[in-house]
Structures are given as C-alpha cells and as structure tokens.
J.: 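Following this message is one structure expressed as structure tokens.
Excluded from the calculations below are hydrogen atoms, water molecules and symmetry mates; all remaining heavy atoms, backbone and side chain alike, are included. Along the sequence shown, residues are numbered consecutively beginning with 1.
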Amino acid sequence: MSDCIFCKIVAGEIPADIVYENEQVLVFKDVNPRAKIHLLMIPKQHIVSLAELDESHAALMGQMMTLMPTLAQGQGLEAGFRTIVNTGKGGGQEVFHLHIHLLGGGELPAFG
Ligand code: 5GP
Ligand code: ZN
C-alpha cells in the first residue's frame, strides 16, 4: 500500500523509533504518546483493520498477542498495561493499517 504511513515505516521510507522487530511484526513508539509508554505493534503485511481478519491471520495475530508480555516487561510495565485496537471509523481508527496500542506507566484513565 504505497499511501499507507505504517507501510512506509515498515519500508524504512519514513523514520520511526523502533523498539522491536522480527520477520512479521514491527513495534515502534507512537509519535503522539497518550501515556508514559505508548507503543504501536503492527504486522509488516498491510492489513486494514481487525475487521479484515480471517482464519489465515490466526498465527500472525497469535504471535502478536503472545509478544505483548515480553514487550511490556522490556518497557518496565510489570504493574500492568493496556492494549487497544481501534477498528474502523466507528471505532476511532485513524491509521488504516492494523495496529495494537500498548499503553502503560503511571496512571491510566479509567476505561469502561
Ligand atoms: P488509531 O487512532 O488509528 O488507533 O491510532 C493511530 C496512532 O498512530 C495514533 O496514536 C497516532 O499518534 C499514531 N501515528 C500516526 N502517524 C504516525 C507516524 O507517522 N509515526 C508514528 N510513530 N505514529 C503515528
Ligand atoms: Zn499499511
């Protein structure tokens, strides 16, 4: 997706503060952090949102979720953390390349 900002980060065409990377997944700091720690985890392949997932993405999504504990620990978030996936315009999604927000450190506002 040539006009996708996160694909451009994957391709190294625009800079990002990268925290973790493997063959399928990239994690970088959110440019506009809403918490002391605010990371974005994305699949390197372009997937628009959670709404586009099917069975073929099960291993990838499993890998992403199971990476979270180590990632959070590496950021000093032993006390806990919050993950958010905004999906579609109605879910508040602004960048249409699937991403999981990882937030933590200090007090997070109550949610729900
Ligand atoms: P969404 O609202 O789609 O769930 O979240 C998109 C997130 O991407 C926002 O928190 C926003 O700050 C972040 N973001 C948007 N553009 C960039 C960028 O170019 N670089 C980085 N690192 N984060 C971005
Ligand atoms: Zn993309």
Side-chain angles (χ1 to χ4, degrees):
M1 284 291 283
S2 55
D3 60 344
C4 171
I5 198 157
F6 287 177
C7 281
K8 285 183 179 163
I9 289 175
V10 170
E13 290 168 10
I14 63 168
D17 202 336
I18 292 168
V19 171
Y20 174 84
E21 179 169 18
N22 69 25
E23 244 177 70
Q24 285 90 31
V25 178
L26 188 67
V27 181
F28 51 93
K29 293 185 181 173
D30 195 295
V31 77
N32 177 27
R34 259 58 56 76
K36 198 168 165 195
I37 305 292
H38 186 173
L39 304 181
L40 300 172
M41 178 186 284
I42 67 168
K44 287 187 172 177
Q45 78 178 90
H46 183 82
I47 300 170
V48 172
S49 81
L50 215 54
E52 273 68 32
L53 294 183
D54 60 38
E55 278 294 317
S56 72
H57 302 107
L60 173 64
M61 294 311 295
Q63 186 196 156
M64 288 173 70
M65 291 312 279
T66 52
L67 275 170
M68 281 296 176
T70 319
L71 188 64
Q73 231 175 12
Q75 297 293 313
L77 299 177
E78 284 83 5
F81 55 88
R82 180 175 296 167
T83 47
I84 297 175
V85 185
N86 296 322
T87 302
K89 280 201 162 48
Q93 187 175 4
E94 289 177 355
V95 176
F96 288 88
H97 180 131
L98 174 61
H99 51 281
I100 306 175
H101 295 259
L102 171 65
L103 299 135
E107 284 287 309
L108 291 176
F111 184 81

J.: Does one hydrophobic cluster hold both Ile14 and Val31, with members joined at side-chain heavy-atom distances below 4.5 Å?
T.: no

J.: My understanding is that a hydrophobic cluster links ILVMFWY residues whose side chain heavy atoms are under 4.5 Å apart, including indirect links. Using that, what else belongs to the cluster containing Leu60?
T.: Val19, Tyr20, Val25, Val27, Ile37, Leu39, Met41, Ile47, Leu50, Leu53, Met61, Met64, Met65, Leu67, Met68, Leu71, Leu77, Phe81, Val85, Leu98, Ile100, Leu102

J.: Drop me the distance from Leu40's CG to His97's NE2, to the nearest 0.5 angstrom.
T.: 10.5 Å

J.: Drop me the distance from Phe96's CZ to Ile5's CD1, to the nearest 0.5 angstrom.
T.: 13.5 Å

J.: Distance-only, no hydrogens or angles: does the Gln93 side chain make a donor-acceptor pair with backbone N or O of Val48 under 3.5 Å?
T.: yes

J.: With sequence neighbours excluded, what pairs up with Arg34 under the salt bridge (charged side-chain N to carboxylate O under 4.0 Å, His left out) test?
T.: Asp30

J.: Test of understanding: with salt bridge (charged side-chain N to carboxylate O under 4.0 Å, His left out), list the residues that count as partners of Lys29, not counting sequence neighbours.
T.: Asp17

J.: Please check if Val10 and Ile18 belong to a single hydrophobic cluster, counting links between Ile, Leu, Val, Met, Phe, Trp and Tyr side chain heavy atoms closer than 4.5 Å.
T.: yes

J.: Tell me, please, which residues at least two apart from Gln45 pass side-chain hydrogen bond (donor to acceptor under 3.5 Å, both in side chains).
T.: none

J.: Can you list, by chain and residue number, the hydrophobic cluster partners of Ile84 when the side-chain cut-off is 4.5 Å?
T.: Leu103, Leu108

J.: Taking only residues two or more places apart in sequence, or in another chain, which ones meet Gln63 in a side-chain hydrogen bond (donor to acceptor under 3.5 Å, both in side chains)?
T.: Asn22, Gln24

J.: Of the non-hydrogen atoms in His99 and Phe6, which two are nearest, and what is the gap between them?
T.: ND1-CE1, 3.6 Å

J.: Can you list the residues that meet the side-chain hydrogen bond (donor to acceptor under 3.5 Å, both in side chains) rule with Ser56, with sequence neighbours excluded?
T.: Asp54

J.: How would you list, by chain and number, every residue that makes a side-chain contact (heavy atoms from CB on, under 4.5 Å) with Glu13, sequence neighbours excluded?
T.: Lys8, Ala11

J.: Pairs in or reaching into residues 69-90: which pass salt bridge (charged side-chain N to carboxylate O under 4.0 Å, His left out), with residues at least two apart or in two chains?
T.: none

J.: Can you list everything that forms a ring pair (Phe, Tyr, Trp, His ring centres under 6.0 Å) with His38? Sequence neighbours excluded, please.
T.: His101

J.: How would you list all residue pairs meeting salt bridge (charged side-chain N to carboxylate O under 4.0 Å, His left out) that involve residues 39-52, not counting sequence neighbours?
T.: Glu21-Lys44

